[in-house]
Amino acid sequence: MEEITMINLPRGTQDILPGESEKWQYLEQKFIELCSRYNYKEIRTPIFEHTEVFQRGVGETTDIVQKEMYTFPDRGGRQLTLRPEGTASVARAYVQHKLHGQVKQPQKLFYHGPMFRYERPQAGRMRQFVQFGIEALGSADPAIDAEVIDFAMTLYQSLGLKSLRLVINTLGDHESRTAHREALINHFTPVKDELCSDCQVRLDKNPLRVLDCKRDHDHPSMETAPKILDFLTNDSRDYFERVKKYLDELEIDYVVDPNLVRGLDYYNHTAFEIMSEAEGFGAITTLSGGGRFNGLIEELDGPATPGIGFALSVERFLLALDAEGIELPVEQSLDAYIVALGEEAELKASGLMKNLRAAGLQADKDFLAKKMKAQFKAADRENAKFVLIIGDQELEKEVVLIKEMASGTQEAVPFDSIINYIKERL
RNA sequence: GCGAUCGUGGUGAAGUGGUUAACACAUCGGAUUGUGGUUCCGACACGCGUGGGUUCGAUCCCCACCGGUCGCCCCA
């Protein structure tokens, strides 16, 4: 544009315009509908929190906290952060409002809204992106792990996605993880110098994540690295087995990947990811991820409370639908479009239109003083089912010509019969 | 943070160091002075991301910056 000062939106954000926004509404509606069927209730938390919520909740060693947070001081000097994910906020609210004291347990909650991470944007990754998520707090029953996974798969499948891959793993309990961690440190320390710089740091802080490194993926030490499955306590192993049994009962296909490590510190026991295997999908294939986070509530100063949840990205959801060639049913149409000719007719048209709308019909008219032909074109573009024509002749007789666009048939209808006439024919 | 690639009208897109920047779609107007989706005719970039340089002359060459896209890392 010639305007040097034209302001564009910030990198990694997007405007969702009419034509696109209907799809977002549609997905949101389907999500909320499914939440209702699974009996999850909405919780709305702020879009920013005290930075500490994420430092403690998500974990100091995570990439999110170390380099991706939008953190800023407010005018009162408080350190605030635009939420990079939803679970920590939900946990904070659960503690703050003492939801653990509610009779109803587990607390089954859902949320949807924008999240923020400072990253280089690419296909399926934005700095502001939208997540749908559910969390079940207060139950350590493997059945609810399966319920959360089932929810996620059902949501995708109900919209027609087929090329899905569910990967699950267990990260074990505290005892399992401590033993595994020690074994990992012992295993990798001798070859520490051969690992990438990130992994050298990870080895000290969170050795589990070395396993997940793409750069060192082919290092010989990876093959022989100790697996969490070998360090699971009997309880952990048993828990994982029961989760799988429930998944089998629900007829959900999955593959176990012992190297699946979630990027957030709070996860333990069940971890899972759902990926798209559709042709032509971008480099990022993860549609959603989740897992169990027993201990998170304690980390945020609440009572020991188990929890599990997952979150999906709406952006990636739409990409996956696109990759599989699925069109969402979001056709827009109008019940009635009023074509008015002349000043007096224009005036009357406004009154008639208000009546139509009051009767629950979708109605619109021209506001650019266009010629009749152009008004018809507009009506056609809007997918109007009926066009009401009013000019001097009609005004005189107190009728309107109603044309059914699909058939082309047209009739004169008295003012007071318009609504019935249209409703009978919709 | 690193790498690759691209940046021409509302959209898609051609193009050349030199007087008028193709074409298509969309839009608007007319043929049809009260009727859509077809057809025909016409209109539509004071300008080729921004700034600087080379040149008699740059949209096209060079440099920088900004921005988009894709990828790496990591993740939703």
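All of these numbers come straight from a predicted model, not from anything done at the bench. Numbers restart at 1 for each chain; the letters A, B, ... are given by sequence-line order, proteins then strands.
Comparing B:U19 with B:A24, their P atoms are spaced 23 Å from each other, to the whole Å. B:A4 and B:C65 have their P atoms separated by 14 Å, with the value rounded to a whole Å. Annotation: B:C72 and B:U20 have their C1' atoms spaced 48 Å apart (nearest Å). The C1' atoms of B:G52 and B:U16 are separated by 23 Å, rounded to the nearest whole Å. When the P atom is compared between B:G29 and B:U38, the two are found 16 Å apart, to the nearest whole Å. Between B:G12 and B:G49, the two P atoms lie 14 Å apart (nearest whole Å). On the P atoms, B:A22 is 14 Å away from B:G15, given to the nearest whole Å. Remark: the separation of the P atoms in B:G18 and B:C60 is 12 Å, to the nearest Å.
Whole-Å rounding puts the A:Gln393 CD to B:U35 C1' distance at 12 Å. Separating the OH atom of A:Tyr267 from the P atom of B:C74 is a distance of 17 Å, rounded to the nearest angstrom. Look at CG on A:Leu319: it is 13 Å from C1' on B:U69, rounded to the nearest Å. To the nearest angstrom, C1' of B:G36 lies 16 Å from CG of A:Asp364. When the P atom of B:C70 is taken as reference, atom CZ of A:Phe281 falls 12 Å away, rounded to whole Å.
Evaluation of atom-type donor-acceptor distances gives no pair under 3.5 Å for the side chain of A:Lys67 against the base of B:G1. With hydrogens and angles ignored, a donor-acceptor pair under 3.5 angstrom links the side chain of A:Glu394 to the base of B:G34. Put simply, the side chain of A:Asp380 and the base of B:G36 share a donor and an acceptor less than 3.5 Å apart. Side-chain atoms of A:Arg316 and base atoms of B:C75 include a donor and an acceptor less than 3.5 Å apart. Taking only distance into account, the side chain of A:Gln410 meets the base of B:U35 through a donor-acceptor pair shorter than 3.5 Å. At a cut-off of 3.5 angstrom, counting only N and O atoms as typed in the model, there is no donor on one side facing an acceptor on the other between the side-chain of A:Arg125 and the base of B:A76.
A:Ala379 comes within 4.0 angstrom of nothing in the nucleic acid, heavy atoms only. As judged by a 4.0 angstrom heavy-atom cut-off over every strand, A:Ile64 is placed among residues making no nucleic acid contact. Within the 4.0 angstrom heavy-atom criterion, no nucleotide atom of any strand lies near A:Met115. Residue A:Glu119 is in base contact, counting any heavy-atom pair closer than 4.0 Å across all strands shown. Residue contacts for A:Arg120: at a heavy-atom cut-off of 4.0 Å it reaches a base atom on one of the strands shown. Residue contacts for A:Asn8: at a heavy-atom cut-off of 4.0 Å it reaches no nucleic acid atom on any strand shown. Among the heavy atoms of the strands lying under 4.0 Å from A:Gly408 is at least one base atom, whether or not backbone atoms are also near.
Put simply, A:Gln375 has no side-chain N or O that comes within less than 4.0 Å of OP1 or OP2 on B:G36. The side chain of A:Arg11 contributes an N or O atom lying less than 4.0 Å from OP1 or OP2 of B:G67. Checking the phosphate oxygens (OP1, OP2) of B:G71, a side-chain nitrogen or oxygen of A:Gln122 falls inside 4.0 Å. Phosphate proximity of B:C28 to A:Lys371: absent, as no side-chain N or O sits under 4.0 Å from OP1 or OP2.
For A:Tyr118, the OH atom is loosely surrounded, since the number of other residues' heavy atoms within 6.0 Å does not exceed 12. In the displayed structure, A:Asn39 atom CG is contacted under 6.0 Å by more than 12 heavy atoms of other residues, nucleotides or ligands.
Contact annotation: the side chain of A:Gln332 never approaches that of A:Asn383 to less than 4.5 Å [non-hydrogen atoms, C-beta and beyond]. The shortest side-chain heavy-atom distance between A:Asp335 and A:Leu356 does not fall under the 4.5 Å cut-off.
Under a 3.5 Å cut-off, the side chain of A:Tyr337 and the backbone N or O of A:Asp366 do form a donor-acceptor pair. In terms of modelled atom types and a separation under 3.5 Å, the side chain of A:Thr409 and the main chain of A:Glu404 share no donor-acceptor contact.
Listed nucleotides: B:G29, B:G34, B:G36. Nearest to the side chain of A:Lys373: B:G36. Ranking B:C28, B:C70, B:G34 by closeness to the A:Ala123 side chain, first place goes to B:C70. With distances taken from any side-chain atom of A:Phe129 to the nucleotides B:A76, B:U35, B:C28, the minimum falls on B:A76. Side-chain atoms of A:Arg117 lie closest to B:A76 of the nucleotides B:G34, B:A76, B:G71. Considering only the side chain of A:Lys403, B:G36 comes nearest among B:G36, B:C70, B:G34. Set against B:U27, B:G34, B:C75, the side chain of A:Arg381 has B:U27 as its closest nucleotide.
Along RNA chain B, the nucleotide nearest to A:Ile390 and the one nearest to A:Ser313 differ in position, and the one closer to the 5' end is contacted by A:Ile390.
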query = Can you list the steps and then say if A:Thr154 with A:Tyr156 is a side-chain contact (heavy atoms from CB on, under 4.5 Å)?
reply = CA-CA 5 Å; A:Thr154 300; A:Tyr156 287 130; over 6 Å; no
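If you run side-chain contact (heavy atoms from CB on, under 4.5 Å) between A:Arg316 and each of A:Thr285, A:Ile284, A:Ile274, A:Leu321, only A:Ile284 comes through.
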